[in-house]
Amino acid sequence: MRNMDTSSSTLARLSISLPAELMTQLDAMVAERGLPSRSQMIAELIRHELAEHSGERPDAVLAGTITLIYRAESGRVRHALAQTQLGYVKEVISAQNVFLEDDQAMEVLLVQGPAERLQQLCDDLRKVRGVQQIKLVTTTALLPPLHFHGDEPDGESP
């Protein structure tokens, strides 16, 4: 393995062998997504798998999004989703809601917390009658602290 220094980060070179058909599929994906190189696509795939792997450890703290598609019928589902989210006030950072065609709505939650807790939130949201789809996408990179309680960091005052 050879290290290369760039202005943004240190890169490590990796050489891999793939079956020809897999390489053809990889090249097609790179072209369809308009990426400049296989390396960028492989790095994205590895980051995704590392986040998934971290999510398997219940104590891992992750940030991510939960995307829900649900029936918008008279606000009942939206109210039930809000009630469920109240039980996860530490994990749900923000929510964005938009109405779709055919009496459907989409809600995207920005979340951060222990993997086990985020999975439980998804499970509880999934139980709400009218939820049609739900997906949790996570990353191991975390949001910086938004607020401090008590003493300000480094002795600063507001």
Side-chain angles (χ1 to χ4, degrees), residues 1-72 77-78 81-82 84-85 87-128 130-148 153:
M1 192 179 322
R2 186 176 107 201
N3 286 338
M4 298 174 55
D5 220 4
T6 67
S7 59
S8 62
S9 66
T10 301
L11 299 177
R13 186 170 296 273
L14 170 69
S15 176
I16 61 172
S17 298
L18 298 173
E21 179 60 25
L22 190 57
M23 180 70 86
T24 300
Q25 291 173 339
L26 176 64
D27 287 342
M29 184 187 300
V30 168
E32 287 171 15
R33 294 189 179 181
L35 297 174
S37 69
R38 291 177 185 143
S39 293
Q40 192 169 344
M41 183 78 252
I42 291 170
E44 180 181 329
L45 294 169
I46 291 171
R47 283 186 200 99
H48 176 75
E49 287 303 312
L50 288 172
E52 289 288 319
H53 178 71
S54 292
E56 294 171 5
R57 294 191 342 256
D59 62 331
V61 175
L62 304 173
T65 60
I66 298 173
T67 302
L68 302 116
I69 306 295
Y70 60 89
R71 301 302 294 170
V77 179
R78 190 170 183 188
L81 292 172
T84 301
Q85 291 172 37
Y88 295 88
V89 71
K90 287 183 180 180
E91 290 78 20
V92 177
I93 296 163
S94 71
Q96 179 76 35
N97 182 281
V98 65
F99 293 102
L100 305 173
E101 296 176 333
D102 301 324
D103 195 34
Q104 292 184 316
M106 177 169 53
E107 186 162 348
V108 179
L109 306 176
L110 176 58
V111 295
Q112 180 168 289
E116 186 173 44
R117 187 92 170 126
L118 297 182
Q119 191 57 57
Q120 184 61 52
L121 170 57
C122 280
D123 292 345
D124 288 349
L125 291 169
R126 188 175 283 115
K127 293 174 189 172
V128 173
V131 171
Q132 298 172 326
Q133 297 176 34
I134 185 168
K135 175 129 181 138
L136 171 65
V137 176
T138 59
T139 181
T140 54
L142 300 179
L143 296 166
L146 302 175
H147 299 280
F148 294 95

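The chain is numbered in sequence order, starting from 1.
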Taking the side chain as every heavy atom from C-beta outward, state whether [X] and [Y] have any atom pair closer than 4.5 Å.
X	Y	value
Leu136	Leu121	no
Ile66	Leu125	yes
Val137	Thr67	no
Glu107	Gln85	yes

For this session: Output every pair passing salt bridge (Lys or Arg N to Asp or Glu O under 4.0 Å) with a member in residues 15-42, not counting sequence neighbours, ordered by first then second residue.
Result: Asp27-Arg38, Arg33-Glu44
Provide the closest heavy-atom pair for [X] versus [Y] in the form atom of the first, atom of the second, distance.
X	Y	result
Leu118	Gly113	CD1-O, 3.7 Å
Val111	Thr65	CG2-N, 4.2 Å
Ala141	Ala63	O-CB, 3.4 Å
Gly130	Val77	CA-CG2, 4.1 Å

Exercise. If you draw a 6.0 Å radius around CD in Gln96, do more than 12 non-hydrogen atoms from other residues or ligands fall strictly inside?
Worked result: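 Count not over threshold, so no.
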Exercise. Can you tell me if CZ on Arg47 sees more than 12 non-hydrogen neighbours from other groups inside 6.0 Å?
Worked result: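 Not buried by this count: 12 neighbours or fewer within 6.0 Å.
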Problem set entry | Reported CG-to-SG distance for the pair Leu109 and Cys122, which is rounded to 0.5 angstrom |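 Interatomic distance, Leu109 CG to Cys122 SG, rounded to 0.5 Å: 8.5 Å.
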Problem set entry | Qualifying residues under side chain to side chain donor-acceptor pair (under 3.5 Å), relative to Gln112, sequence neighbours excluded |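 Per chain and number, Gln112 pairs via side chain to side chain donor-acceptor pair (under 3.5 Å) with no residue.
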Problem set entry | Residues in side chain to side chain donor-acceptor pair (under 3.5 Å) contact with Gln119, at least two apart in sequence or another chain | Asp123
For this session: Using distance alone, with no hydrogens and no angle criterion, decide if Gln120 and Glu91 have a side-chain donor and acceptor under 3.5 Å apart.
Result: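 No - no donor-acceptor pair under 3.5 Å links their side chains.
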Exercise. Is a side-chain donor-acceptor pair under 3.5 Å present for Asp103 with Tyr70?
Worked result: no
